[in-house]
Each structure stands twice: as structure tokens, then as C-alpha cells.
Amino acid sequence: MNLRLVGFEIKKLVEQPIIFLFLFGCLLFNTGLLLTLDVNDDYLESIKQVNIEEGQKVTPELKENILSKEKNQRVKNDIKSVEDIYDTLYGEELSKKMIGVFQVQGNYRKKLEEKYQQLNPVIMQLSKEKAALDVALGSETLPVFNHLKNVVLKALLIESLIFACLIGLFSSTAEKLTKTDKLLLTSKIGRKVQVNKYIAGICLSLLFYIILHLFSLSTLFLFYPMTELLDSSVSTYFLTNIYENSLLFVEMPFITWLPMSIKNYVIFSILLGLGLLIIYFTLFFFIGLWKENMAKGLGVAIVLFCVHKGLVSYTSSKMGYFFLVLMFSPQQVLENYSFWFTETGPYTIMPFQETVVVSVSLVLLSGFSLLFSCFYSKKEVL
């Protein structure tokens with residue numbers, strides 16, 4: 001790696017006007033998404049007062065005080081409904097619900113049952129911590145959290161992945177486009193240019209990812225102060241996961257494999273998103289090197305994406321071993337974004353599967369990158 005050449009490659013990329021247009025468009029679009037968050041201000045003000053005056057946990061004393069003093073009827077109803085759902089909950093119960101709705105059979109069913117049995121120690125810990133009793137934002141917790149996670153953060157991730165994929169393709173095909181690719185192979189430094197291009201593209205993609213998140217999240221929390229939400233447990237009574245199968249659905253408590261606050265959940269999601277960004281950039285960079293043409297590389301990527309979607313759709317009704325293999329792909333990790341770090345229903349068979357998939361993919365791609373760099377350094381001019 002040559003830092004001077006990496007800087008030069010970054011400069012070449014930044015000189016493309018489309019990059020700033022895309023960044024500006026994303027920032028503008030994300031600002032619009034932030035403004036679509038619809039909350040009841042009166043309710044939020046009342047529930048925040050409960051957090052300040054009574055505490056963040058729903059205790060019998062707090063229930064009594066709220067029912068006797070609180071004027072907001074919705075706050076009263078919400079506080080009254082709260083119960084420690086983890087006191088009497090077991091993984092086997094969740095397993096039966098999930099298997100019943102998705103009609104899972106055979107070995108896959110055994111894998112799911114084993115996974116949910118591993119959830120019992122987590123449920124016991126949540127019961128011990130009284131996580132379900134966190135007030136958070138009351139019944140506004142679910143819509144606000146879903147907007148933050150499934151709208152804002154997901155949009156930021158997808159925009160960043162699109163940027164990284166296009167930069168990966170452009171970086172690896174730019175020399176072919178200017179017909180200087182064979183000339184580069186005639187010098188020792190030139191043979192390593194693709195390494196510098198790869199590093200430059202990664203750096204620019206990470207910078208794009210960071211800028212999007214810093215701007216969007218700081219804007220969100222400026223307009224909507226959410227200290228009570230961020231400090232609450234992500235497994236509060238007011239948060240649930242919903243899994244759909246045709247006309248049936250099952251509602252599950254929001255149980256993560258490691259008890260965490262909503263703030264930590266957001267941080268871990270952003271970090272895992274970074275891993276996905278590196279994976280997608282690397283894959284598209286190699287596709288570009290393979291096809292030596294940006295349009296052809298994009299076409300190949302679209303075909304692979306459609307094939308993956310078709311295979312998942314076809315095998316989902318049977319949920320056999322082939323479906324299980326597909327669940328271990330980075331693309332499926334992205335598809336399951338809404339359920340990251342939770343039990344993830346029928347789409348995983350092990351704790352933290354999305355984290356394992358991203359970590360293993362990064363290791364495999366790193367090894368492949370080293371092998372390819374050795375091959376490229378000896379590549380002959382044709």
C-alpha cells in the first residue's frame with residue numbers, strides 16, 4: 001500500500017460530481033424521512049414526566065401513584081397494562097408459537113427448538129433485571145423505535161451499500177475504461193494500483209457511511225429528544241417483533257441474545273452495518289475486476305441478487321437444509337435487518353447468526369483478497 005497513491009485515488013473519486021449529488025440527495029431524502037415521524041407530543045410530555053418524577057421502572061407504587069394522580073388517560077392505561085412478561089416466559093413456549101405459524105417440520109424444526117432452548121438463560125436475566133418494566137416512551141415506544149430502526153437506520157444502511165457497490169465497481173473498472181489497465185501492469189508500482197484503489201474506495205465508502213449517520217441521527221435527536229427511549233431496555237414490555245407467514249402472524253417479545261439498552265442496540269446495528277458495507281464493496285470490486293466493465297458488472301450483480309431472492313422464496317415453504325444454507329448469506333442478513341440480534345424467528349438457527357455470518361464473510365474475503373493480490377502481482381500483459 002502506498003499512502004500517496006491512496007490519497008491520489010481518493011482525489012480521483014471525489015472529483016466525480018455524481019458523488020456529491022448522491023450525498024446531497026441522500027441527506028435531503030433522509031431529512032424528509034425524519035420529518036415523517038408522527039408522535040403525540042402531549043402523551044410524550046406526560047410519559048417523560050413519569051420517568052422524571054416516578055422512575056424508569058413500573059413498580060406497584062408507581063402504578064398506584066399514576067392511577068391516582070395522572071390526568072392523561074392513555075398514560076394511565078399504558079402503565080396499568082405493564083407486566084413482567086419474562087417472569088413466566090420460557091423459550092419452549094416461543095418455539096411452539098413460531099413452529100406452529102410457519103409449520104416447520106423435520107430437522108429444521110429440531111434446530112429451531114434447540115435455538116429457543118438457548119434463549120432461557122437470557123429470559124431469566126431479563127426477568128432478574130426487570131427489563132420488561134421499563135417505562136421508555138410508553139405505547140409510543142414501538143412506533144418511534146420502528147421508525148428509528150426500520151425506516152431511518154435501514155435507509156442509511158441501504159444508501160451506504162448502494163454507494164459502496166457503485167464505488168467498488170467504478171474503482172475496479174476505471175483503468176479499463178481509460179484503457180490504461182495494461183500499461184499499469186508494466187511497472188512494479190502499477191501492478192499494485194488495484195490495492196490502492198481498493199483501499200481508497202473503502203475509505204470513501206466508510207466516510208460516506210459516517211457522514212450519513214452523523215448528520216441524520218444528530219438531526220433526529222435534535223428535533224426529537226429521546227433520552228428516555230435510548231436509556232431503556234430494548235426488551236421493554238412495549239417493544240415486540242412481528243413475524244408474518246401468508247395470512248398468519250406471530251408477535252414475539254423483543255428479546256436480544258445479550259440484554260442491552262436501545263442505545264447499545266443502535267450502536268451495535270451501526271457497527272454490523274459497517275461490516276456489511278465492507279463485504280458488499282469487496283464483492284462488487286471483485287465483480288468489476290472479473291467483468292472489466294461497470295455496466296456488465298452491475299448486470300451480473302443484479303442477476304445474482306434475483307437468483308438469491310428466487311431461491312429463498314422457493315425454499316421458504318419447505319424450510320429444508322438448502323433454505324438453511326441461504327440464511328447464512330450476507331444478503332439474507334440484510335433482508336433480516338429488522339430482527340438483528342434477536343431470536344429472528346425461523347430465519348436463524350443459532351444465537352447472533354447475523355454477526356457470525358458477517359464476521360466469517362469478512363475473514364473469507366480477506367483471505368481471498370490476499371490470494372488475489374498475489375495473483376495480480378504476477379499477471380501477464382495480454
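Position 1 is the first residue of the sequence, and the numbers go up from there.
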Please answer whether the main-chain N or O of His213 pairs with a side-chain N or O of Ser216 as donor and acceptor at a distance below 3.5 Å. no

To the nearest 0.5 Å, what is the distance between OG1 on Thr256 and CG on Leu119? 9.0 Å

Would you say Ser171's side chain and Gly168's backbone share a donor-acceptor pair under 3.5 angstrom? no

Under a 3.5 Å threshold, yes or no: a donor from one side chain and an acceptor from the other, between Asn336 and Gln353? no

Looking only at the aromatic ring of each residue, does the gap between the centers of Tyr265 and Phe254 stay below 6.0 angstrom? yes

Aromatic centroids of Phe281 and Tyr198 separated by under 6.0 Å: yes

Strictly by modelled atom types, are Tyr347 and Gln332 linked by a side-chain donor-acceptor pair under 3.5 Å? no

Without hydrogens or angle criteria, can the side chains of Glu61 and Asn65 be said to hold a donor-acceptor pair below 3.5 Å? no

Check the side chains of Asp134 and Ser233 for a donor-acceptor pair under 3.5 angstrom, ignoring hydrogens and angles. no

Lys12/Glu15 ion pair, N-O < 4.0 Å: no

When rounded to the nearest 0.5 angstrom, what is the spacing between CG in Leu62 and CG in Leu133? 10.0 Å

Parallel, tilted or perpendicular: which describes the rings of Phe284 and Tyr280, with under 30° parallel and over 60° perpendicular? parallel

Output yes when Lys110 and Glu114 qualify as a salt bridge under the 4.0 Å nitrogen-oxygen rule, no when they do not. no

Short N-O contact, Lys48 and Glu140, less than 4.0 angstrom: no

Suppose we call two aromatic rings close when their centres sit under 6.0 Å apart. Are Tyr243 and Phe339 close by that rule? yes

Please check: side-chain N/O of Thr236 versus main-chain N/O of Leu239, any donor-acceptor pairing under 3.5 Å? no

For the pair Tyr209 (side chain) and Ala164 (backbone), establish whether a donor and an acceptor sit closer than 3.5 Å, ignoring hydrogens and angles. no

Atom OH of Tyr90 with >12 non-hydrogen neighbours under 6.0 angstrom: no

So which heavy atom on Phe163 is nearest to which on Ile19, and how close? CE1-CG2, 3.9 Å

Answer yes or no: is there a donor N or O on one side and an acceptor on the other, between the side chain of Ser160 and the main chain of Ile158, under 3.5 Å? no

The reported gap from OH in Tyr116 to CD1 in Ile349 (rounded to nearest 0.5 angstrom) is 12.5 Å

Atom NZ of Lys263 with >12 non-hydrogen neighbours under 6.0 angstrom: no

When you check the side-chain N and O atoms of Gln331 and Glu335, is any donor under 3.5 Å from an acceptor? yes

Hydrophobic cluster membership, Phe22 vs Phe20, 4.5 Å side-chain cutoff: yes

Determine whether more than 12 heavy atoms belonging to other residues, nucleotides or ligands lie under 6.0 Å from atom NZ of Lys63. yes

